[in-house]
Amino acid sequence: MDENKELLMRMLRLMMLIRAFDENVKVMVQSAELVGAAHCYIGEEAVAVGACAALRDDDYITGNHRSHGHPLAKGGDVRKAMAELLGKSTGFCKGKGGSMHLADFSIGILGESGIVASALPVAVGAALGTKMQGKDRVVVSFFGDGASNQGACHEAMNLAAIWKLPVIFLCENNQYAVTTSFNESVAVENISDRAVAYNMPGVLVDGQDAMAMYEATTQAVARARAGQGPTLLEARTYRYEEHSEGLGRILREPYRTEEEIDAWRQRDPIDIHTAMLIEQGIATQAEVDQVQSEVATAIEEALQFARESPYPAPEDLFGDMYADPIPMP
Amino acid sequence: MDENKELLMRMLRLMMLIRAFDENVKVMVQSAELVGAAHCYIGEEAVAVGACAALRDDDYITGNHRSHGHPLAKGGDVRKAMAELLGKSTGFCKGKGGSMHLADFSIGILGESGIVASALPVAVGAALGTKMQGKDRVVVSFFGDGASNQGACHEAMNLAAIWKLPVIFLCENNQYAVTTSFNESVAVENISDRAVAYNMPGVLVDGQDAMAMYEATTQAVARARAGQGPTLLEARTYRYEEHSEGLGRILREPYRTEEEIDAWRQRDPIDIHTAMLIEQGIATQAEVDQVQSEVATAIEEALQFARESPYPAPEDLFGDMYADPIPMP
Amino acid sequence: MPEITFVEALNQAIKEEMRRDESVFIMGESIRGGIYGVTGGLSSEFGDRVIDTPLSENGFMGAAVGAAAVGMRPIVQSLSSFMWVAMDQLVSQAAKMRYMFGGQVNLPIVYRCGMNYGNNIAAHHTDRPYPMFMNMPGLKIAIPTGPADAKGLLKTAIRGNDPVMFFEDNNLSGVRAEVPEEEYTIPFGVADVKREGSDVTVVALAGMLRRALAVAEALEEEGISVEVVDPRTIVPLDKDTILKSVEKTGRLVVVDPAHKSCSVASEISAMVAQEGFWTLQAPIQRVASLDCHFPFSPALEKLVFPNEEKITDAIYAAVA
Amino acid sequence: MPEITFVEALNQAIKEEMRRDESVFIMGESIRGGIYGVTGGLSSEFGDRVIDTPLSENGFMGAAVGAAAVGMRPIVQSLSSFMWVAMDQLVSQAAKMRYMFGGQVNLPIVYRCGMNYGNNIAAHHTDRPYPMFMNMPGLKIAIPTGPADAKGLLKTAIRGNDPVMFFEDNNLSGVRAEVPEEEYTIPFGVADVKREGSDVTVVALAGMLRRALAVAEALEEEGISVEVVDPRTIVPLDKDTILKSVEKTGRLVVVDPAHKSCSVASEISAMVAQEGFWTLQAPIQRVASLDCHFPFSPALEKLVFPNEEKITDAIYAAVA
Ligand SMILES: Cc1ncc(C[n+]2csc(CCOP(=O)(O)OP(=O)(O)O)c2C)c(N)n1
Ligand SMILES: Cc1ncc(C[n+]2csc(CCOP(=O)(O)OP(=O)(O)O)c2C)c(N)n1
Ligand SMILES: [Mg+2]
Ligand SMILES: [Mg+2]
């Protein structure tokens, strides 16, 4: 397989994997196998996959509460992700983090933050650190349209800009923060327009098109690696699911229409990528189906792995609190 | 005296008053009559005076740590200001606030904040409240170039913009935050350029020219009163003194040149305003001198008032903590 | 008396006060849709007085201060874990402004802070920070333990003239209990003896009160008579009721879902060890959350916070 | 041994550690110019490893976390009162990250938090928030009481692998004392008995330690023998040394410049009332700042925080 095809097929595979992972999450929440909160990424897969495809293994990412897709796109082990969701000791974080806190530092996944926009300053710091170390790694920080209104976002962007740090601020504008439309909470038309305030490029990207994401990110990465500083990418995208699984039941008033959701489903990122692969003669339908079935197997295996893994032991509770341990007060 | 002359002479008087007030502060710090921190406004008088001249008595202002000038410009009683500086019970805040916390709510001075940028959300809330009450009052929030890098600034501007609140964000860009040049801490050329991120007008104003300040503020006020939302004004100005009185002694490295200071002194706001008055035949030198001597008297009286006022009594310590009092724990 | 849930009680309090006083309004994230239950149905009745905010907690919690300063009475809805983001406005403005300005301004604001724990939502969403706010003068702090208290305390908070941090233990959300139909308020600073007893005093906070009552029932059968005290507000704290109870029982257990170090359990213990020392017949037991973050895993989380077993053991230790 | 000031001791610690380890760097507002003394002369030796930041505490205190996560060892300089602005990064990131991610990452960060009080700088600049941080697991907390401790504890903080909140009582800045010339560090979690005595134990924090020692000297003449204990770190807290001292003296006074409610004085009192109860012969006295903001006026401010008179009275009460 040539390099390009390999890349494109990996992108397809990762999008399908993330989709299947989150379809499973829905089921597990319904059956109460998965407890706590779960925010599905379904419909937004092209953003993480396109962006991470532009990264090296030793580059860094940070995420948010809706971060099943980000670590998988960066190459995180789906079995560890699934085990973490079930609170098992074999999970990314030994069960201590759960759905909103997947991280694998060994491959640059610096973790997700349940506090909205809270990972942005951390991403800036990772970029500062890596720059001070004389390395040419870059950091991609994923955050939502809602997060863009936090003060942390302003401070992070300004710091990255004045220090010319290798950060890509990747705003996943899925158009809502829970039930609040971004049009009501952001004063400008595009969040990328705010880049002007930091003297950095601001680019609006079609978040349903993995290749568009890949290309825009590749440019931003090149800029960052060359020491030219940060970029703000706004990926226009959409979540098909409710803000978090189960939330639909307690919503009193609708905030978006069925038509709107349907219209976005017509621009499904996996469909778009598949159609491109087939139209351009890069892959056959059979190859695509093959990927789909491999993904199904991978998810099955991950589920089995997670289910069969042990829970952490009570003795493990206080471990991990401190690197240099202290007695529990 | 015609209305215009009255306004212009009041502006002259207020600038002279603020200058004389802070010249006195310098002396009082040196003699240790004034304890705690004191941040002089000398050189920046046109900003507060020009802006407040565009306000009604029932409009609101908020300030910061460098806020002797703001409350005086808004019409605050100089005797109460002086008494507050000396921690006397006759001060604006009965001695509980001191130099960084002058306020007179009865004339719309909602207070100064020693925590940089912390008053900006408060200003937005005052605008929200006044709007909900169906009034047409406006709020001017004074803050520094340094403050503009705080997250609070972003949140405040965005909230004011989406809710179309009657706020004027007045950035006093005196070019330094303590020793840090704004060029090193702001990524854009002008702080007013950031207005684009909030879809509001951003106007760069000559902060040494009281009339320019008055006119720019008048426009912003008109917009705000008409329900068209906030404006960001950037007043380019300069502080002649050190960041705070006495700080010079502990500074190890210079951060600005004598030439730079001198160049700015050539554009002294009181001189500029005086020259304009005389050149345009609005006032004679004698009239100007008369104002100067009235101001000197007012400051003398204020000093005497402050010195002769009593300190708060020990019994007053816990009072003012709560509106509905509770026992001290 | 009708039985209603904690959430319904809060909703009633807000509705009644918004009807009574036009200057009361409420803001928070996605509250118009009634996401978190309490605000359901408010926007249709009160229109623009129910405000959906952007994700800018420092901004809008500070805006509450400004609005209050010009005469409004804001209620702000959020979660305790989001207070960190807004800490400056809560501390530097809400808590300090009145004093700093010599009492010129009243700040009638209610910050409603939901608290999650025990529902596998991990460290970022499981804060119980009322002890920290108790260390910061200027804020009143109420912590209701059931529907009737929730309604009465919230009404007092809304009518009062000071900023109130109102901590709502989300473990109580669905709890149902009798709530008076007629208008009532509950004063701040008056603890409630929820159960009388003579052998040991248990002071319990938030959702822990129900557990303490359950333990008290169970121990009754073993012949241990437990008095259960609900402080209801911790600023002001009704020291007298606690001291009097300890005077009677000679033994004290404090149950607090906050982390143990510098907790309210610590404060109440210290207060009694100073002011009620001579009435004590045994060491004061604190049952609080361990000084460990809340892990996600269902296998671990339950080990962190107090439960009936830990409360029972502490009572045994106190009466031993 | 040469005598140097508290500020010089801190400066030495930072310099020595920056020389020893290239990954150590320092950032803060206007620190290159050496505004607050401690960082004077660093930038000429260490160049880009001394960073002047914009006024964005939440941003750069969070950036410290990110930099630490990729292998750097940041020191951050600020004032306690500016921590509110950065609270989210301190709590949600610095304190929680390691645990939430199952111990995958070490966060060797030192947050240096100056504390002002008693110098007429009013409510916005007089915070002493270490009790609040003690209520938040995940942060280690050191509070030096003099130059030698400052140097040794800061070196330990910089070399350690956890986030440390390092509280510097600015009332100590100019205090001069002997500091060893040879390399040394002071371990966390080991209290120091600064003065031995037999009648009463005084545990004193921050700048209060000097006052407690002065009072102890004075009371010696009256025949009261005071033992003065310096916890040095409050997370971890050396409970044993405190409990042993109380076992000997039977009486405890805790002096803490933080506000009284939920203070470290409360925590230590509660701990002893629980674990050392049977050794106590008198009520535990807390001498802390009143639960009142710090007013500007010189006539009032001095009433708020502990002084030698209040400490003396508390000791009298304890030994009465
Ligand atoms: C500081 C903070 N405030 C509020 C929340 C509650 N909350 C979680 S996700 C969310 C919406 C986030 O919207 P956005 O950033 O657009 O991300 P999306 O969920 O759309 O992917 C909110 C309000 C939070 N977790 N943190
Ligand atoms: C949140 C916060 N950080 C730091 C400080 C310390 N500080 C006081 S004033 C100041 C500089 C402010 O600069 P700017 O906003 O430009 O106002 P200026 O002093 O120039 O008028 C600093 C760093 C503070 N008071 N609050
Ligand atoms: Mg969104
Ligand atoms: Mg400035």
(message) On a heavy-atom basis, which atom in D:Asp52 and which in A:Trp163 lie closest, and how many Å separate them?
(response) O-CZ2, 4.0 Å

Interface moiety of [X] toward chain D, non-hydrogen atoms closer than 4.5 Å:
| X | result |
| --- | --- |
| A:Glu112 | backbone |
| A:Ile109 | neither |
| A:Ala103 | both |
| A:Ala123 | neither |
| A:Met321 | both |

(request) Could I get the full list of salt bridge (Lys or Arg N to Asp or Glu O under 4.0 Å) partners for A:Asp145, not counting sequence neighbours? (result) none

(message) Nearest 0.5 angstrom please: A:Leu110 CG to D:Phe101 CZ, how far?
(response) 8.5 Å

(request) First locate atom CZ of D:Phe25, then atom CG of A:Leu128, and finally report the distance between them rounded to the nearest 0.5 Å. (result) 5.0 Å

With chain D as the partner, which of [options] has the greatest number of non-hydrogen pairs under 4.5 Å?
| options | result |
| --- | --- |
| A:Asp104, A:Val139, A:Asn158, A:Leu120 | A:Asp104 |
| A:Gly129, A:Gly319, A:Gly111, A:Ser118 | A:Ser118 |
| A:Ile162, A:Asp316, A:Val124, A:Ile115 | A:Ile115 |
| A:Lys94, A:Lys135, A:Arg137 | A:Lys94 |
| A:His154, A:His101, A:Met100 | A:His101 |
| A:Tyr322, A:Phe92, A:Phe105 | A:Tyr322 |

Treating [X] as the side-chain partner and [Y] as the backbone partner, does any N or O pair qualify as donor plus acceptor under 3.5 Å?
| X | Y | result |
| --- | --- | --- |
| A:Asp324 | D:Asn161 | yes |
| D:Asp162 | A:Ala323 | yes |
| A:Glu155 | D:Phe60 | no |
| D:Gln89 | A:Ala119 | no |

Looking at [options], which has the largest count of heavy-atom pairs under 4.5 Å with chain A?
| options | value |
| --- | --- |
| D:Met100, D:Arg49, D:Met72 | D:Met100 |
| D:Ala64, D:Ala68, D:Ala86, D:Ser92 | D:Ser92 |
| D:Pro137, D:Pro108, D:Gly189, D:Gly59 | D:Gly59 |
| D:Lys239, D:Arg98, D:Met271, D:Gln93 | D:Arg98 |

(request) Could you list which of residues 150-160 of chain D have a heavy atom closer than 4.5 Å to any heavy atom of chain A, in residue-number order? (result) D:Gly160

(message) I'd like to know whether CD of D:Glu45 has more than 12 heavy-atom contacts from other residues, nucleotides or ligands below 6.0 angstrom.
(response) yes

